[in-house]
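Notes to accompany the following structure.
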Amino acid sequence: MAITIRKALETDVDLVAQALLESSRAGKKMGLFDLVFNTSDPDELLALLKKLPLTTTKSYCHYSNFFIAVANGESVGTICGYEPRIATHEIFSKALEELGFDESYHERIAAHLLCEGEVDNKTFVLDFMFVKNGYKSIDVYKELVGKSMLTARLKGYRKVQTSVEIGSVETEMIYKKLGFEMIDEKQSEYYREQFDRVGIMRLQMTL
C-alpha cells in the first residue's frame, strides 16, 4: 500500500474533526471535548469540532497544524503537530470565544489539567493521531509521525513529545514502536472518576 502525506486543507475538516473526537475519547464514552463544549450529543459535538479547526485564531486544533495520510486515493489518517510556544492555552481560549464559549470550560476540564504535563518552549508536540479502520498499519502511523518529525527538525526542534492516557495501550505501543520513550506520568483519583482512566503519561523522542 503506497502512502503519501500532505498538509491538511480546509476541505479536510471532516477528518480532522473525527480525529479530535476519536483521539480525545480514546475508547471512552466521554472525552476532553465533551467537557470543553459541555455536550455529549454526537451531532452537536461533531458540528462544533468541524468549526474549531477553521477559526481565524490558529489554535493547536487548527487544520493548518495537521498532516493527512493518503492511500489508494483516500484520506485515511491524520496527525497534529504544533509549537506550544505559539499555540498556547490562551490561543485555544480565543478560538473557543469565536465559537461562543468562554473560559468557564477550565472548570469542566480541571481533572485533565491536573494530569497534563508541562511542555517547555523547546519542544514540538504531536497530538490527535487518528487512522481509519482498515488502514491501521504501522506503516501509516510511521509516515504520519515521520513527516511531523521532519517539520519539527526544520523548525529547529530537537525534542518531540506526545501525551497518552494511561490505559490507551494501542496508542502507547504505536509511539513506543516508533522510538518514543515514557518520560513521566501523572495520576489523579479525580481524573479516574471523570474519565475512568488513572491519568496521563508523556512520551518523548530526541531528534
Tell me, with the steps shown, if Leu178 and Ile138 meet side chain to side chain contact (heavy atoms under 4.5 Å, CB included).
CA-CA 9 Å; Leu178 296 176; Ile138 193 63; 4.2 Å; yes
Given side chains that start at C-beta, do those of Lys186 and Leu114 come closer than 4.5 Å, heavy atoms only?
no
Output yes when a side-chain donor or acceptor of Ser188 lies under 3.5 Å from a complementary backbone atom of Tyr190, and no otherwise.
yes
Could you go through the side chain to side chain contact (heavy atoms under 4.5 Å, CB included) check for Phe180 and Val160 one step at a time?
CA-CA 9 Å; Phe180 284 74; Val160 177; 4.1 Å; yes
Shortest non-hydrogen pair, Ala26 vs Ser168, comes out as CB-OG, 3.7 Å
Can you see which heavy atom on Ile5 is nearest to which on Ile3, and at what distance?
CD1-CG2, 4.1 Å
Donor-acceptor pair, distance only, cut-off 3.5 Å: does the side chain of Lys132 make one with the backbone of Ser75?
yes
Taking only residues two or more places apart in sequence or in another chain, which ones pass salt bridge (charged side-chain N to carboxylate O under 4.0 Å, His left out) with Lys58?
none
Identify whether Tyr135 and Val145 are in the same connected component of the hydrophobic contact network (ILVMFWY, side-chain heavy atoms under 4.5 Å).
yes
Contact between Thr78 and Asp12 at the side-chain level, heavy atoms closer than 4.5 Å - yes or no?
no
Going by atom types alone, do Thr55 and Glu98 pair a side-chain donor with an acceptor below 3.5 Å?
no
To the closest 0.5 Å, what do you measure between CD (Glu185) and CD1 (Ile166)?
4.0 Å
Within the structure provided, determine whether Cys115 and Glu165 are in side-chain contact (heavy-atom separation under 4.5 Å).
no
Just verifying a value: how many Å separate Arg192 CZ and Arg197 CZ, rounded to the nearest 0.5 Å?
13.0 Å
Sole candidate of His106, Glu116, Glu103 that passes side-chain hydrogen bond (donor to acceptor under 3.5 Å, both in side chains) when paired with His89
Glu116
Looking at every non-hydrogen atom in both residues, tell me the closest pair between Lys122 and Tyr157 and how far apart they are.
O-CD2, 3.3 Å
Indicate yes or no: at least one non-hydrogen side-chain atom of Tyr63 is less than 4.5 angstrom from one of Leu54.
yes
From OG1 (Thr162) to CE (Met129), nearest 0.5 Å:
7.0 Å
Parallel, tilted or perpendicular, judged at 30° and 60°: which one describes the rings of Phe66 and Phe128?
parallel
Hydrophobic cluster partners of Val70 (side-chain heavy atoms under 4.5 Å):
Leu15, Ile68, Phe130
Return yes when atom NZ of Lys7 has more than 12 non-hydrogen atoms of other residues, nucleotides or ligands closer than 6.0 Å, and no otherwise.
yes
Quick one: does Phe67's side chain get under 4.5 Å of Glu143's, heavy atoms only?
no
Using a cut-off of 6.0 Å, state whether more than 12 heavy atoms not belonging to Glu193 lie near its atom CD.
yes
Here the pair of heavy atoms bringing Ile200 nearest to Ser163 is CG2-CB, 3.8 Å
Measure from the side-chain N and O atoms of Lys28 to the backbone N and O of Arg25, and report whether any donor-acceptor pair falls under 3.5 Å.
yes
Flag yes if Leu99 and Ile109 sit in one hydrophobic cluster, no otherwise; membership is Ile, Leu, Val, Met, Phe, Trp, Tyr, and two members link when side-chain heavy atoms are under 4.5 Å apart.
yes
With a sphere of 6.0 Å drawn around CG of Asp184, does it hold more than 12 non-hydrogen atoms of other residues, nucleotides or ligands?
yes
Can you tell me how the ring of Tyr191 sits relative to the ring of Phe195, calling it parallel under 30°, perpendicular over 60° and tilted otherwise?
tilted
cation_pi(Lys159, Phe124) dist<6.0 Å, angle<=45:
no
Have Ser104 and Asp102 got a donor and an acceptor in their side chains that come within less than 3.5 Å?
yes
Contact between Leu49 and Val16 at the side-chain level, heavy atoms closer than 4.5 Å - yes or no?
no
Between Thr171 and Val164 the two heavy atoms that sit nearest each other are CG2-CG2, 4.0 Å
Quick one: which of Leu32, Val36, Asp34, Asn38 gives a side-chain contact (heavy atoms from CB on, under 4.5 Å) with Arg108?
Asn38
Treating Ile, Leu, Val, Met, Phe, Trp and Tyr as nodes and any side-chain heavy-atom pair under 4.5 angstrom as an edge, say whether Val13 and Phe33 lie in one connected cluster.
no
Are Tyr60 and Tyr175 joined in one hydrophobic group, where the rule is that I, L, V, M, F, W and Y side chains link up if heavy atoms are under 4.5 Å apart?
no
Is the backbone N or O of Arg85 less than 3.5 Å from a side-chain atom of Thr88, with the two atoms forming a donor-acceptor pair by type?
no
To the nearest 0.5 Å, what is the distance between SG (Cys80) and CG (Leu20)?
8.0 Å
Should the heavy atoms of other residues, nucleotides or ligands under 6.0 Å from CD of Glu181 be counted, would the total exceed 12?
no
Is there side-chain contact between Leu144 and Val140, with at least one heavy-atom pair below 4.5 Å?
yes
4.5 Å side-chain heavy-atom contact, Tyr105 and Ser93:
yes
Hydrophobic cluster identity match, Ile91 and Leu48, side-chain contacts under 4.5 Å
no
How long is the gap from OG1 on Thr123 to CZ on Arg158, to the nearest 0.5 Å?
12.5 Å
Interatomic distance, Gln161 atom CD to Leu126 atom CG [nearest 0.5 angstrom]
10.0 Å
Please report the shortest heavy-atom distance between Gln194 and Met30, naming the atom on each side.
O-CE, 3.2 Å
I'd like to know if Glu97 pairs up with Lys94 as an ion pair, taking the criterion as any Lys NZ or Arg NE/NH1/NH2 lying under 4.0 Å from an Asp or Glu carboxylate oxygen.
no
